[in-house]
Amino acid sequence: MSKGVLVDITRCVGCGSCEVACKMWNNLQYKQSVQDQGSGLDAENWTVVNRVETEKDNEPVWRFVKYQCLHCEEPACVSACFSKAIRKTKDGPVVYDVNLCVGCRYCMLVCPFNVPKYEWDKTFPQVRKCQMCADRVHAGESPACVGVCPAGALTYGERNNLLAMAKEKINGDSRYIKHVYGEKEAGGTSWLYISDIPFETLGFRTNITTTPLPHYTESILGLTPAVGLGWGALLTGMYVYNRRRNEINREEKKPGKK
Amino acid sequence: MAVSNRWRFTMTPTRYVLMVLGLVGVLLMVYRLVFGLGSSTNLNDEWPWGLWIGFDVLTGVALAGGGYSTALLVHIMGIKKFSPIARSAMLTSLIGYLLVMAGLFMDIGRWFNFWRPFVSWGYHSVLFEVFWCVSLYTMIQLLEFGEVATEKVQKRWHGFFKKIMPVLLIIGVLLPTLHQSSLGSLYVMEVGKLYPLWWSMLLPIFFLMSSFFVGPAMVTVETMLGARAHGHRPDLGVLQSLIKVSGYMMLVYLALKVGDLVYRGATGLVFTGNMEGNMFLLEMLIGVIIPIIICFTPKLRNSVGGLVTFGVLVVAGVIINRMNVVFTGMADFMGGAYFPSVIEWLVSIGLLAIGVLGYLFIVENFNVLPKHKHEHSHAPTPNVVVKGKKAVKYSA
Ligand code: SF4
Ligand code: SF4
C-alpha cells in the first residue's frame, strides 16, 4: 500500500527542523538563500518552509507552508522521462536514478507543482528533488522530516488512512477550509495538506486538472501504432499505384506500340 | 549523369564569414560540453528549456519539414512536375535534421548518456517517440542521400541505393509524420500552464500541419536564394503550384484553429490586448492569413515578389508559433526571466552557418539542383558570373 504524509498547516510553527533534518539525511549543502518568492526549492533545498503573511477574520496572521515534491499518484515527471530515470516505488516515493538520466529536463517542464530542480553549476548536472526518504520508507520508517517535527504538523502513514483522517479533521472543525489539497490535484498526490487559510493564498496552485497528467499524452500516444500502420499502408499503396501507373504510361509511349 | 569527379568549393566573402561563424560556434560548443550548461547558458530552474530546444530543435524540425512533404508529393503521390526541386528540398531537410541533432546534443545535461533511451525505454514519454523518430529519420535521410552521393563517390553502390529507395522513401515520410506531431504532444502535458491560446488537445495536429505547409515555403525561399546566388532564373510555375498545396493546407489549419478556440471558449483571449493575445494575432496574421491571401490572389502568386513574400512570411509565422509555445505562452506560469546568453546565440548561429556551408558544398559537388545548371559543370568555367549568364540563357 502506498504511504504518504499529511501536513496540517494550522499546526506548523515554522521552526525549520524539517529543513535541517532533510539536509542532514540527504547530505545537502546549507546555503544562505532567500526564500521570499515562489517555492524556494532548488538543487540543495529539497524542502522549504515558506512564511506567508495574510489575514484571518481581519487580523494579520502568519502561516508556514512546508513544500516539497508531492509524490503524485500518477506522476507527470515519471511519464515524461524518456529514459526511465524517474519512477514511482510501490511504497509511494517518486525516486530519481542519476545513472539513467540524460538531462533533458522535460521532467522539470511537466511537473504541475514546479518541483524538480537542476544543478546548473555542474558540468554533468543532476535533477534534484525530495525523494521522500525512499530507503527509510522502504524500511518501514517515516521520512526524516516527519520524525523531527516538534509541533505535530506532519503525520506519516497509509495514504488512505491519512485521507480519512484529514476529512474527519476538516469536517469536525469549522476553522478548516473544506478541501484536502492533494486528494484530487493532478489525479492525487501522496502528500496531503489541510489548512484554515485558502490554499491559493498560501501559494498553492489551485487550478490544477484532476485528471492525472499522464492520461493526456497516453490518449495521444495510444493512437500512434494505429496511425503509423494505417498511414504506412496508405503511403505504400500510393507509391505502388503511382509507379504502376507511370510504368503503364511509359509502355504506351514506347515507339513501335500503337 | 554529368557529375564531375573533381571536388570544388569556391570561396567567396560570404563563405569566409560563414566559416568564421561556424568556427566560433564549434569552439563554444566544446566550451559548453566541458563546462556545463550553467556556465554557458542563461537557463535556470524557472526556464529549463531555452533557445536551443525552442529554436534549434522545435523550430528546426518544423522548418526541415520540406523534405518529407516534397518526398510525399513527388515520390509517393507521383506528382512529376515537382521533381526538379525534390533533391534540393530533401538535402536541406537532411542538413536541418543533422543540425537538430547537434542542437539537441548541446542541450542535454548529461550528454555522455545520450544513448540511454535506446536501451532504457521510457516508452510512455512523448519525448521517447520524438527521440527515436528523429534519430531514425536522420539515418533514413542519410541513406536516401546515398542515392545522390553514389553518383559521385563509391559508384558501385549506386544500384543498391536505388533499389532500397522505395522502402526508405515510405519510412521517410512515415517517421516525420509521427514525430512532427509528437513535438506538439510534448506540450499537451503543459495543461493549465501553457496559455490557453496555444494549449489544446489538437496541438499535435497543429504542429504536424504547420510543419507540412511550411515545407513549400522553405523550398520557395531556398530556390529564390539559390537562383539569386547562381544567377539563374527559378522555375516559377513549379513554385506556384507548390505553394497552392500549402495554401489549401493553411485554410484547413486556420479553420481548425478558429474552431478549436471557439470550442474551448478561448476566443475572448485573442483581443484582450495583452502580450499573449497580441503575439497570437501576429502569428496568425503574418504566418497564415496574409500568406493565404497571397496564395489565392493569382496576380500576387504569379509575381516573384509575391512568392518570396509568401515564403518568408510562412517561415516567420512558424518560427513565431514555436517561440510562442515555448516562451510567450509559458512565461506567465514560469515566472522568472530568460534571455539567451551570447554563447547560446553564437552556438545557434554557428550551427546555421555550418549548415549553409554544408549545403553549398554539396550543391556544388553533387547533382542536386535541377539539371539545366549542371549541363555546364563538366566544363567548369572559373568565372562564376559568366557561368551564371550562360545558365540564364539556357533556362530562358
Ligand atoms: S510533484 Fe512533480 S516531481 Fe513530484 S512526483 Fe509530482 S510531478 Fe513528479
Ligand atoms: S532530465 Fe533526466 S530524469 Fe528528467 S526527464 Fe530527462 S532524462 Fe528523465
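Chain naming here is simple, since letters A, B, ... match the order of the sequence lines and numbering starts at 1 in each.
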Next on the checklist: I'd like to verify something: which residue of A/Cys81, A/Ala76, A/Gly232 has the highest number of heavy-atom pairs under 4.5 Å with chain B?
Outcome noted: A/Cys81
Item to check | Cation over ring face, A/Arg105 and A/Tyr118, 6.0 Å, 45° | outcome: yes
Checklist entry - Is it the backbone or the side chain of B/Val34 that comes under 4.5 Å from a heavy atom of chain A, or both, or neither? => result backbone
Checklist entry - For residues A/Thr47 and A/Lys66, is any side-chain donor paired with an opposing acceptor at under 3.5 Å? => result yes
Next on the checklist: Counting heavy-atom pairs under 4.5 Å with chain A, which one of B/Ser182, B/Ser185, B/Pro166, B/Gly335 comes out on top?
Outcome noted: B/Pro166
Next on the checklist: Quick check: A/Trp46 with A/Trp25 (ring centres under 6.0 Å apart)?
Outcome noted: no
Checklist outcome for this item: Greatest number of non-hydrogen atom pairs under 4.5 angstrom with chain A, of B/Leu33, B/Leu37, B/Val126, B/Asn44, falls to B/Asn44
Item to check | Heavy-atom contact with chain A under 4.5 Å, split by part of B/Ile108 | outcome: both
Checklist entry - Can you say whether B/Leu104 sits under 4.5 Å from chain A via the side chain, the backbone, both, or neither, judging by heavy atoms? => result neither
Item to check | A/Gln126 versus chain B, the contacting section by heavy-atom distance below 4.5 Å | outcome: both
Checklist entry - Does B/Arg322 make a cation-pi contact with B/Phe327 (under 6.0 Å, within 45 degrees of the axis)? => result no
Item to check | Exceeds 12 heavy-atom contacts within 6.0 angstrom, atom CZ of B/Phe112 | outcome: yes
Checklist entry - In terms of heavy-atom contacts, does CE of B/Met323 have more than 12 from other residues, nucleotides or ligands at under 6.0 Å? => result yes
Item to check | Ring-ring centroid check B/Tyr137 B/Tyr97, cutoff 6.0 Å | outcome: yes
Next on the checklist: Would you say OH of A/Tyr241 has more than 12 non-hydrogen atoms from neighbouring residues, nucleotides or ligands within 6.0 angstrom?
Outcome noted: no
Item to check | Among the listed options A/Met108, A/Glu119, A/Arg205, A/Glu218, the residue most often paired with chain B at heavy-atom distances under 4.5 Å | outcome: A/Arg205
Next on the checklist: With a 4.5 angstrom heavy-atom cut-off, is it the side chain or the backbone of A/Ile220 that approaches chain B, or both, or neither?
Outcome noted: side chain
Checklist entry - Is it the backbone or the side chain of A/Thr211 that comes under 4.5 Å from a heavy atom of chain B, or both, or neither? => result neither
Checklist entry - chain B: which of A/Gly222, A/Cys111, A/Ala43 shares the most heavy-atom pairs with it under 4.5 Å? => result A/Cys111
Next on the checklist: Suppose we call two aromatic rings close when their centres sit under 6.0 Å apart. Are A/Tyr106 and B/Trp49 close by that rule?
Outcome noted: yes
Checklist entry - Most heavy-atom pairs under 4.5 angstrom with chain A, which of B/Trp47, B/Phe128, B/Trp115? => result B/Phe128
Next on the checklist: Under a 4.5 Å cutoff for heavy-atom pairs, which residue among B/Ser181, B/Gly38, B/Gly36, B/Gly109 has the most contacts with chain A?
Outcome noted: B/Gly109
Item to check | Validation row, ring centre B/Phe206 to ring centre B/Trp198 under 6.0 Å | outcome: no
Checklist entry - With A/Tyr216, which residues qualify under side chain to side chain donor-acceptor pair (under 3.5 Å), at least two apart? => result A/Thr209
Next on the checklist: Could you tell me if B/Ser125 and A/Lys84 have a donor-acceptor pair between their side chains, going purely by distance under 3.5 Å?
Outcome noted: no
Checklist entry - Of the listed residues (B/Asn113, B/Thr41, B/Asp45), which shares the most heavy-atom pairs with chain A below a 4.5 Å separation? => result B/Asp45
Checklist entry - Under a 4.5 Å heavy-atom cut-off, does chain B meet the side chain of A/Val98, its backbone, both or neither? => result both
Checklist entry - Is the distance between the ring centroids of B/Phe118 and B/Phe131 less than 6.0 Å? => result yes
Checklist outcome for this item: Counting heavy-atom pairs under 4.5 Å with chain A, the top scorer among B/Gly192, B/Gly78, B/Pro48 is B/Pro48
Item to check | Distance-only donor-acceptor check, side chains B/Ser40 and B/Glu344, under 3.5 Å | outcome: no
Next on the checklist: Suppose a student defines contact as a heavy atom less than 4.5 Å from any heavy atom of chain B. Which residues in residues 177-187 of chain A would they list?
Outcome noted: none
